[in-house]
Structures are given as structure tokens and as C-alpha cells.
**Q** 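To start, I am sharing the structure in question, which I have written as C-alpha cells.
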2 protein chains.
Amino acid sequence: MSIGPAAAPKTRVRRTPEAARENILAAAEALLVEQGPQAIKLADVAKAAGVVHANVIHHFGSIAGVETALMERMIRQLTDKVLVALNQPDAVLGVGAQALFDAFEAKGAARLAAWLELTGEGARMTLVREVVDEIVQTRLARDSGVDRDAAVDFILLNIILAVGVGLFGPTLSALLGRPPERARELALELIEGRLTGAR
Amino acid sequence: MSIGPAAAPKTRVRRTPEAARENILAAAEALLVEQGPQAIKLADVAKAAGVVHANVIHHFGSIAGVETALMERMIRQLTDKVLVALNQPDAVLGVGAQALFDAFEAKGAARLAAWLELTGEGARMTLVREVVDEIVQTRLARDSGVDRDAAVDFILLNIILAVGVGLFGPTLSALLGRPPERARELALELIEGRLTGAR
DNA sequence: AGTTGTACTGACAAAAATGTCAATAGGGCC
DNA sequence: GGCCCTATTGACATTTTTGTCAGTACAACT
């Protein structure tokens, strides 16, 4: 069909292996967050990343490889975020709870959790456990008045509520005729209320 | 390979269309709850239902047909459950909240919600909205002291917390070294605390 | 410039999942 | 009994998704 001069030599983007993996995982993450786990197909991830699907296989071996790498990456990002927020020297209990809530309420984090739970990979969140342990340790060392179990209980509730809001907050709020941020506001009130010793 | 007498005439189970659909949807629901949305494949649903996959197509037209029928069925079951629990004449506000919480905390309901949200079908929960509206109406008629928005706010929080517990309660509790029911207990305490006018 | 390692690609192959169709058989009805 | 309707099935066909492989092009090193 083509007549003109010889086809131009094809120019390629050549990344370092790390950059290539990063690029692909970022594309996969976007798909996960925007369209759900079902959308993580070889061809779609490749197209979103701007490469050919054989290239995805080259870097991850298989689609399952992409999935587990993505899980690990997102879990690491989440724990990093939590640790950074909590290690700020002025992080008193209340502020720390906010940070924890914020981290888990983020859309990506919430959907990661749902993904892990629905696919039976919930055990993969061990890293989160370590972070929580670290938080508790810090708290106990700083403020000897708190009981360890109570602290863990509080964090447990905090995380569940945060993920619930991150997952369903906007949709459910809208469904019930309230502004999209309403669920978040209410949840924070609830957390703070409990914190300030409401009972 | 076989030698003996001629093969026995194949006996079939022949159901009414309604029973056949019901049978298939029940199998699909079990798959959804136990293995997640990814497990809803034509062949797997058929095997679990004890029929051939062509039969599934016959009754639902396509796999997408099975999915939407399952969504509708589960939503209907959920709303029915809520309504029944709430229409008991002695359902005061506290008991009603318990019933609401229980309905949404059930594993199937929680996973249904996650499924709908992740696949972008969150809008399908309109039926839930109608139920909530009905609840609010009833409440307002019975107890003129409550403000409509406050009631909706409370229900919103209640549902999100319940679904969060239903989805992540057992896994997260175990992950943090607590008994599997711990998250549920804490959440109920929280709900009750708010109910009894903690703030 | 030549050599080398490997990220990258296109084309092909295999597997998995979905859908089509003619034929079979169960159950109600005459 | 014979007839009709259709739920059910097995075999085939199509589409989607995943994976293989030989060759190409980019960058680093000599």
C-alpha cells in the first residue's frame, strides 16, 4: 500500500530495567484503581504503559508476576506513607490517627485492600502488621499510660473505617443524597470523638 | 475401552426455568463469596451448578447476563433482609441499627458491595437507597424528634462501617493478633456509643 | 569503528474463555 | 400410547488472553 520513501527507521524508548518495571507497574496501578482488578490484562497494561505485551512478559515473566509485583509495590508505598507521617516528631496520638486514616482512605490503598481480600491474598498484608507493631511500640514508649491492646483495637477500627470510607464513601454518600465528602467527615468525627474519650 | 452392555441411557435433571436459574445463580454466588469476582467463569459456574456451560448461556444469554442477574438477586436479598428486620414492631432505633449492621456485615453482602464498587456498578445499589429512604420515613413518622439529615448520616456511617467489618474484619483482626470477631465487637461498641448520645 | 549485552518488537502459537448449533430427552397434554 | 415444547447436552466455532521466539535496535565498553 505504501509508496513513498523507505519507511523511517523505528525509534525505540529504551529504559533501565528498573524504570521499565516502574513504568509498567504504574500503568497497571492506574488500571486497577480506575477499572478494578478485572482490568489488569496483559494487552491493556501494555497499551497503557506504551509498550508491547511481550515486553511486559519480558520484565515480569507472566501476568501473575505483574500482579504480585503490583501488590508488593502498593503495600510498600502504603507502609512508607504511614511511617513517614507517623515519625514526625510532633505526632501526638490525634494527629497520628489522622495520618493513619488518610493513608488507608486514599482510593488506591482502599482498592488495594479490597483486591487482596477478594482474591484471598489478604495474608500479604503482613507488612502492614509490622508497621502497626512499630506504631504501637512507639506509642507505648512515649506514653506509658496507654494499654497495648487498647491501642491495637483503636488502630484496627481506624483502618477498617478508613478503608470502608475510601472504598464506598463517595458512592454511598451520593447514593443517599449527600455531598461526596460527607462519609469522610462523619468518619473523622467518629474517630476524633472516640479519641477524646467520649465513653 | 468399555465392553459390558450398551451404555445406560443418560438421565437428566430437568428443572423449571426459575429453578434452573436459581440453581445457577446460587452456584455463582458461592463462587463469588469464596473466591472473588474473578472466579465467575462460564465453565466454573456451570460445573458448580452441575450443568454444562451451554446451559448457562441458554438461561442467561451470556456471562454478563449471569453477572447482572446475580447482582440484582443479591441486592434484592439484602434489601429484603433489611426490611424484614426493621419492620418488626418493636424495632427501636438501637435494635434497628443492629439489624442494619448485621445485614451489611454479612460476608456475602460485603463482598457484593465491593464487587459493585470495583467494577463501577456502584450505581446499581439504587434499591438500597430506596430501603434507606423507607427506613428514614418510618423513623421520622414514629419519632418526630429526629432530624432527617442526622438520621441519614447515621445510616451512612453504619453501613460503611458494617461493610468494612464484613470485608476486612476477620483478616485484619487476625493480622493484628486479635480474635477474628474483635473488629465486629469494636464496631458495634462504636455504633452503640454514638447512638446513646456520646457527643 | 567494532563488539557485546539486552531491552524491545512483530509475528506466530497455545491456551483459556465465551458463544453457536443441531440433536437428545424429560414432562405435560391430548 | 403418541405429540409437542423446551431444558439439556455434546461437539464445534469464535474470540480473548496469555505466552514463545527469533530478530532488531539502543547504549555501553573497548
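Atoms considered below: every heavy atom in the structure, side chains included; atoms not considered: hydrogens, waters and symmetry mates. Per chain, numbering begins at 1; letters A, B, ... match sequence-line order.
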**Q** In a table with atom names and distances, give each donor-acceptor pair under 3.5 Å that connects a side chain of residues 119-132 of chain A to protein atoms at least two apart or in another chain.
**A**
| residue | atom | partner | partner atom | Å |
| --- | --- | --- | --- | --- |
| A:T119 | OG1 | A:W115 | O | 2.7 |
| A:T119 | OG1 | A:L116 | O | 3.3 |
| A:E121 | OE1 | A:R124 | NE | 3.0 |
| A:E121 | OE1 | A:R124 | NH2 | 3.4 |
| A:T126 | OG1 | A:A123 | O | 2.8 |
| A:R129 | NE | A:D133 | OD2 | 3.2 |
| A:R129 | NH1 | B:L175 | O | 2.9 |

**Q** Which residues within residues 41-53 of chain A lie with some heavy atom under 4.0 Å of an atom in DNA chain C?
**A** A:V51, A:V52

**Q** What's the closest nucleotide to the side chain of B:R12 if the choices are D:dT9, C:dA7, D:dT6?
**A** D:dT9

**Q** According to salt bridge (charged side-chain N to carboxylate O under 4.0 Å, His left out), who are the partners of B:E185, at least two apart in sequence or on a separate chain?
**A** B:R182

**Q** Show me the side-chain donor-acceptor pairs of residues 30-45 of chain B shorter than 3.5 Å, one per line, residues at least two apart or across chains.
**A**
none

**Q** Does the side chain of A:D102 reach to within under 4.5 Å of the side chain of A:Q98, using non-hydrogen atoms?
**A** yes

**Q** Go through the structure and list residues passing side chain to side chain contact (heavy atoms under 4.5 Å, CB included) with A:R21, not counting sequence neighbours.
**A** A:H59, A:F60, A:A69

**Q** For residues 56-64 of chain B, which residues have at least one heavy atom under 4.0 Å from DNA chain D?
**A** B:H58, B:H59

**Q** Sort and list the pairs that fulfil salt bridge (Lys or Arg N to Asp or Glu O under 4.0 Å) and have at least one residue in residues 160-181 of chain A, not counting sequence neighbours.
**A** A:R178-B:D149, A:R178-B:D153

**Q** Could I get the full list of side chain to side chain contact (heavy atoms under 4.5 Å, CB included) partners for B:Q137, not counting sequence neighbours?
**A** B:R148

**Q** Between the base of D:dT8 and the side chain of B:R15, is there any donor-acceptor pair under 3.5 Å?
**A** no

**Q** With sequence neighbours excluded, tell me which residues meet side chain to side chain contact (heavy atoms under 4.5 Å, CB included) with A:A19.
**A** A:R15, A:T16

**Q** Can you list, pair by pair, the side-chain donor-acceptor contacts under 3.5 Å of residues 157-171 of chain B, counting residues two or more places apart and other chains?
**A**
| residue | atom | partner | partner atom | Å |
| --- | --- | --- | --- | --- |
| B:N158 | ND2 | B:A97 | O | 3.4 |
| B:T171 | OG1 | A:E117 | OE1 | 3.0 |
| B:T171 | OG1 | A:E117 | OE2 | 3.0 |

**Q** Kindly state which residues belonging to residues 19-31 of chain B come within less than 4.0 angstrom of DNA chain C, counting heavy atoms of the residue only, listed by number.
**A** none

**Q** For C:dT9 and A:N55 - does any side-chain N or O of the residue sit under 4.0 Å from the phosphate oxygens OP1/OP2?
**A** yes

**Q** Can you name the residues that form a side chain to side chain contact (heavy atoms under 4.5 Å, CB included) with A:D80, not counting sequence neighbours?
**A** A:R76

**Q** Rounding to an integer number of Å, can you tell me how far A:R14 CZ sits from D:dC26 P?
**A** 9 Å

